Amino acid sequence: MRVLLVEDDAEVADALTEGLQQYGWIVDHVATGGEALSRVETAGYGDIVLLDLNLPDMDGLEVCRGLRAACAVPIIAVTARSDEMDKVLGLRLGADDYIVKPYRLQELLARMAAVMRRTATRPAAAPVAAAPYAAAPHGAAAPGPAAPAEPGEHVLSHGRLTIDPARRAVLLDGSPVTLTRKEYELLVLLAGAPGRVFLREQLLDTVWDQQWAGSSRTLDTHVATLRRKLGSTQWIRTTRGVGFSFQPQSGT
């Protein structure tokens, strides 16, 4: 298995490369975002990408969005950025997982295996939808996430369910599903990362904005309504005490 490691710190890269190689991984290392993005036209991305967000030439979130627009390779953000909104934005821009330094190699290997299992059915040539992101100049603070209601022009298709952001349309088995604005934004956020468990706080911060001071029960109410309108509780799974995840359903 081959991994693309995007890391500007040579010592960190060498140590991680050595550790991964001990477990049979072939490691391709690049030190800049530009090098990572250029590989779409040269050597490719391998089976998974480990992406540091603090790069010398461009913001790592911009690199994440570029990688996701180019291909469907699994991406794990491996970074010292621990701010929750960085995590939310990274996941919305296409990262499949997010791990904060310092970490144990065994944890990283477990996350790599889990991400590859979750994304095994993702079409190799099809880019996965990612939310719009206006890159900040290098060294400046990255802007906040774009409104969930406008996650890009990519159509999200998950078996029986189709979400067309350009028309703000949701179709179930070809029939339109009428949703309120917040129901739609919540569904788009969850469906943009199938299988990913979003913390309750992340969902409230992103869909209802960071200043939301109301009861978290409004989230449960919206989830219950979405399940009812989608005709099944299986579309959105509850991880008790943690949050919710989107589970594509292919049956009738």
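Here the structure is a predicted model, which means the values were calculated and not measured. Counting from 1, the numbers follow the sequence of the chain as shown.
- Applying the side chain to side chain contact (heavy atoms under 4.5 Å, CB included) rule to Ser157 yields the partners Thr162; only residues at least two apart in sequence or on another chain are considered.
- Taking 4.5 Å as the limit, every side-chain heavy atom of Leu171 sits out of range of all side-chain heavy atoms of Leu161.
- Not one N or O on the side chain of Asp8 forms a donor-acceptor pair closer than 3.5 Å with the backbone of Pro56.
- One finds no salt bridge joining Arg104 and Glu107 here, because no Lys/Arg side-chain nitrogen approaches an Asp/Glu carboxylate oxygen to under 4.0 Å.
- Here the shortest heavy-atom pairing between Gly33 and Val63 reads CA-CG2, 3.6 Å.
- Side-chain contact check for Leu108 versus Leu50: some heavy-atom pair is nearer than 4.5 Å.
- The OG1 atom of Thr218 lies 12.0 Å from the CG atom of Leu203; values are rounded to the nearest 0.5 Å.
- Once rounded to the nearest 0.5 Å, the distance linking CG of Asp59 with CZ of Arg65 reads 12.5 Å.
- In the hydrophobic clustering of this structure, Val12 does not group with Val100; members are Ile, Leu, Val, Met, Phe, Trp, Tyr whose side-chain heavy atoms approach within less than 4.5 Å, directly or through other members.
- Between Leu93 atom CG and Leu67 atom CG the span is 11.0 Å, to the nearest 0.5 Å.
- Looking at Cys64 and Leu51, their side chains come closer than 4.5 Å, going by heavy atoms from C-beta outward.
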Q: Might you work through the side chain to side chain contact (heavy atoms under 4.5 Å, CB included) test for Asp47 and Val3, ending with a clear yes or no?
A: CA-CA 6 Å; Asp47 299 293; Val3 55; over 6 Å; no
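- The hydrophobic cluster containing Leu189 also contains Leu172, counting ILVMFWY residues as joined when their side-chain heavy atoms lie under 4.5 angstrom apart, directly or transitively.
- Nearest heavy atom pair, residue Tyr184 against residue Ala169, reads CE1-N, 4.4 Å.
- The two residues Val207 and Lys182 make their nearest non-hydrogen contact at O-NZ, 2.6 Å.
- At most 12 non-hydrogen atoms from other residues, nucleotides or ligands lie less than 6.0 angstrom from CD of Glu11.
- Residues in residues 225-236 take part in these salt bridge (charged side-chain N to carboxylate O under 4.0 Å, His left out) pairs, two or more places apart or across chains: Glu183-Lys229.
- Contact annotation: the side chain of Ile76 approaches that of Val115 to within less than 4.5 Å [non-hydrogen atoms, C-beta and beyond].
- The backbone N or O of Ala191 lies less than 3.5 Å from a partner atom in the side chain of His158, making a donor-acceptor pair.
- A donor atom on one side chain and an acceptor atom on the other are found under 3.5 Å apart for Thr32 and Glu35.
- Note that CG of Leu16 and CG of Leu105 are 7.0 Å apart. Values are rounded to the nearest 0.5 Å.
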Q. Checking side chain to side chain contact (heavy atoms under 4.5 Å, CB included) for the pair Arg168/Arg181: CA distance, chi angles, key distance, verdict?
A. CA-CA 9 Å; Arg168 293 182 64 86; Arg181 177 183 173 185; 4.0 Å; yes
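- A heavy-atom distance below 4.5 Å is found between the side chains of Leu187 and Leu230.
- If you take OG1 on Thr238 and CZ on Arg200, they are separated by 8.5 Å, rounding to the nearest 0.5 Å.
- Using modelled atom types, no side-chain atom of Asp52 and backbone atom of Ala77 make a donor-acceptor pair closer than 3.5 Å.
- Under the side-chain hydrogen bond (donor to acceptor under 3.5 Å, both in side chains) criterion, Ser232 pairs with no residue at all, not counting sequence neighbours.
- Looking only at side-chain heavy atoms (C-beta outward), Phe244 and Leu186 stay at 4.5 Å or farther from each other.
- For the side-chain hydrogen bond (donor to acceptor under 3.5 Å, both in side chains) test, residues two or more places apart in sequence or in another chain that qualify with Gln247 are Ser245.
- Taking OH of Tyr98 as the reference point, atom CG of Leu91 lies at 8.5 Å (rounded to 0.5 Å).
- Under the 4.5 Å side-chain criterion, counting only non-hydrogen atoms from C-beta, Trp235 is not in contact with Leu190.
- For the pair Arg68 (side chain) and Cys71 (backbone), a donor-acceptor distance under 3.5 Å is present.
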Output side-chain donor-acceptor pairs under 3.5 Å for residues 18-31, partner residues at least two apart or in another chain, one line each.
unit_1	atom_1	unit_2	atom_2	d
Tyr23	OH	Gln106	NE2	2.5
Asp28	OD1	Arg2	NH1	2.9
Asp28	OD2	Arg2	NH1	2.9
His29	NE2	Glu7	O	2.7

Q: Apply the test side chain to side chain contact (heavy atoms under 4.5 Å, CB included) to residues Leu179 and Leu226: give CA-CA distance (whole Å), side-chain angles for both, the deciding distance (0.1 Å), then the verdict.
A: CA-CA 8 Å; Leu179 301 177; Leu226 278 175; 3.8 Å; yes
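- Evaluation of the side chain to side chain contact (heavy atoms under 4.5 Å, CB included) rule for Ala15 yields no partner, not counting sequence neighbours.
- Val242 places a side-chain heavy atom less than 4.5 Å from the side chain of Leu199.
- Cluster membership for Val197 and Val188, using ILVMFWY side-chain heavy atoms within less than 4.5 angstrom, is not shared.
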